[in-house]
Amino acid sequence: MKVIKIEKDQIDDELLAQAARLIREGGLVAFPTETVYGLGANALDREAAKKIYAAKGRPSDNPLIVHIGKKEELEVLVKEVPEAGRRLMDAYWPGPLTLIFPKSGLVPDETTGGLDTVAVRMPMDRIASCLIELAGVPIAAPSANTSGRPSPTLAEHVYQDMDGRIDLLIDGGPVGIGVESTIVDVSGPVPVLLRPGAVTMEMLEAVIGKLDTDQAVLGPVSDKVKPKAPGMKYRHYAPRAQMILVEKGLETRETVTETINRLAAEKMNQGFRVGIICTEETFDQYPKGMVKSLGLRSKEETIAHNLFAVLREFDDLEADYIYSECFPESHLGQAIMNRLSKAAGYHMIHTGEDRE
Ligand code: AMP
Ligand code: MG
């Protein structure tokens, strides 16, 4: 796999044109976006889309997000643009918001996992938007990780997962946001939040009023239910360790840090390697274990930015168990808790409980 380095504020057009050519010719190119690194291919080319699934080891019914460079490029991909979609595009494109529309005949089934809808986003990142413009085709791009692993927020993460599997990696440095785009389905009668992200529920409601939230955002999806966002049924964002979230319980005076220290000590005594995910405020309160801070609790942007990198660091450290603090679920906290919950397989306990 070839790697090219591109500076965001001084984009080398000639270098990027090579990447664009690879996309046009049906190749696979990983590139930075403002959310996470994407694994891109020509969205209108069936064979290229199939290569994405193979490189990621991704189940073929888990659809891809199509990235465009200009709002006008949406029209040919969709059957119609419902009013709620129009309003959200006007408010938050370019940016970390993916919208689901009824698809046009131009978009192959391979790109949408066989669905009759298509997910579209217009990224804000300059490298991403220049690449799309130079390629001259919409770019299908899921996160550039092996299926199931935490999404890549650094070029090194992509390298770890994709070396030998793709044609080119564009190293544009660390991404800005660090969690994947918000997904809203505007193809039905009521808009539905399918995945929380940096365009928060509060920001969505400010533009279109109340929207529904898909069951899969709220909790685990049972085998019987067919989720609207097919990706949601798969294990996601997961570190190799078993992860447990610890939330303050009402019926005990034990604090979150005390519970984590107690459970971590038990596991360490049994010979396991234990990781702890905390914040700057509590870092000094964990004397033992492999302790990593996500940043200041009051700075949600920092927490989101560091989350996936910390999960990957615990893979490198070969942690067997990871105990993590929780976060309030408003604003960006909803996306943070969504990713943490999925990484933990929804395994959450309350302080004072003596088992994980
Ligand atoms: P990724 O970019 O790797 O985070 O994956 C893209 C995700 O977008 C998928 O896992 C789906 O959850 C969602 N998605 C893409 N297309 C659709 C669609 N047509 N309908 C519902 N969800 C979609
Ligand atoms: Mg993904």
Side-chain angles (χ1 to χ4, degrees), residues 28 30-41 43 49 52-53 55-68 74 77-79 82 85 96-104 106-123 125 128 138-153 157-158 161-162 166 175 177-188 191-199 212-217 221 225-238 304 307-308 311-312 335 338-339 342-343:
L28 293 185
F31 62 98
T33 79
E34 68 271 31
T35 56
V36 300
Y37 270 81
L39 177 53
I52 292 183
Y53 290 94
K56 280 181 66 93
R58 181 178 179 121
S60 63
D61 64 344
N62 188 357
L64 310 174
I65 294 174
V66 177
H67 294 70
I68 58 174
L74 177 68
L77 303 173
V78 303
K79 268 207 187 111
L97 174 66
T98 297
L99 297 169
I100 311 281
F101 300 98
K103 85 172 186 76
S104 75
L106 195 64
V107 185
D109 283 345
E110 283 76 3
T111 297
T112 64
L115 297 175
D116 54 9
T117 51
V118 59
V120 187
R121 175 164 107 80
M122 177 178 169
D125 183 275
I139 298 184
S143 48
N145 51 286
T146 305
S147 188
R149 286 207 79 194
S151 296
T153 54
H157 297 160
V158 181
D161 284 15
M162 292 298 152
I166 64 175
V175 300
I177 294 169
V179 291
E180 306 84 345
S181 58
T182 305
I183 305 181
V184 178
D185 185 352
V186 291
S187 70
V192 186
L193 176 72
L194 301 185
R195 177 170 79 187
V199 173
D212 284 350
T213 300
D214 192 90
Q215 196 56 38
V217 175
V221 183
V225 185
K226 189 164 188 263
K228 278 221 82 170
M232 291 170 172
K233 71 181 179 216
Y234 300 107
R235 187 161 181 259
H236 240 110
Y237 319 124
L307 184 58
F308 286 135
L311 293 180
R312 278 178 178 261
N338 173 264
R339 305 312 190 271
K342 289 192 176 219

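Position 1 is the first residue of the sequence; numbering continues from there. Note that ligands are numbered from 1 as they come in the structure, with each ligand's atoms numbered from 1 the same way.
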Close-contact set for ligand 1 against [X] heavy atoms, below 4.0 Å:
X: L115; answer: 18 (C), 19 (N), 20 (N)
X: S143; answer: 1 (P), 2 (O), 3 (O)
X: I100; answer: 17 (C), 18 (C), 19 (N), 20 (N), 21 (C), 22 (N), 23 (C)

Short side-chain donor-acceptor distance under 3.5 Å, S151 and R339: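 Judged by distance alone, the side chains do not pair up.
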
May I ask you to check whether N62 and R58 show a side-chain donor-acceptor distance below 3.5 Å?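 Side chains of N62 and R58: pair found under 3.5 Å.
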
Around the Mg ion (ligand 2), what protein N, O or S atoms are found below 2.8 Å?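 Result, waters dropped: S143 OG.
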
With side chains defined as the heavy atoms from C-beta onward, is the minimum distance between S147 and Y53 less than 4.5 Å?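 No. Closest side-chain heavy atoms not under 4.5 Å.
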
Does a side-chain heavy-atom distance below 4.5 Å link V120 with L99?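 A side-chain contact under 4.5 Å is absent here.
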
Between R121 and E34, does any side-chain N to carboxylate O distance fall below 4.0 Å?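 The answer is yes: the pair qualifies as a salt bridge.
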
For the backbone of [Y] and the side chain of [X], can you confirm whether one donor and one acceptor N or O come within less than 3.5 Å of each other?
X: D161; Y: T146; value: yes
X: T182; Y: G197; value: yes
X: S104; Y: L106; value: yes

Can you tell me which portion of [X] lies within the under-4.0 Å heavy-atom range of ligand 1? Options are side chain, backbone, both, or neither.
X: T117; result: both
X: R195; result: side chain
X: L64; result: backbone

Ignoring hydrogens, just give me the one of [options] whose non-hydrogen atom is nearest [atom].
atom: atom 5 (O) of ligand 1; options: R121, E180, R58; value: R58
atom: atom 23 (C) of ligand 1; options: A216, P63, A144; value: P63
atom: atom 2 (O) of ligand 1; options: P102, G114, P142; value: P142

Residues in side chain to side chain contact (heavy atoms under 4.5 Å, CB included) contact with T112, at least two apart in sequence or another chain: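 Partners of T112 under the side chain to side chain contact (heavy atoms under 4.5 Å, CB included) test: K103, V107, D109, L115, V118.
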
Contacts of A119 that satisfy side chain to side chain contact (heavy atoms under 4.5 Å, CB included) - sequence neighbours left out: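 Residues passing side chain to side chain contact (heavy atoms under 4.5 Å, CB included) with A119: I65, T98, I100.
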
Out of curiosity, is I65 lining ligand 1, as in a heavy atom under 4.0 Å away?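 The answer is yes: ligand 1 sits under 4.0 Å from a heavy atom of I65.
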
Residues in salt bridge (Lys or Arg N to Asp or Glu O under 4.0 Å) contact with D125, at least two apart in sequence or another chain: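 If we apply the salt bridge (Lys or Arg N to Asp or Glu O under 4.0 Å) test to D125, skipping adjacent residues, the hits are K8.
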
Does any N/O atom on N62 come nearer than 3.5 Å to any N/O atom on ligand 1?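 Yes.
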
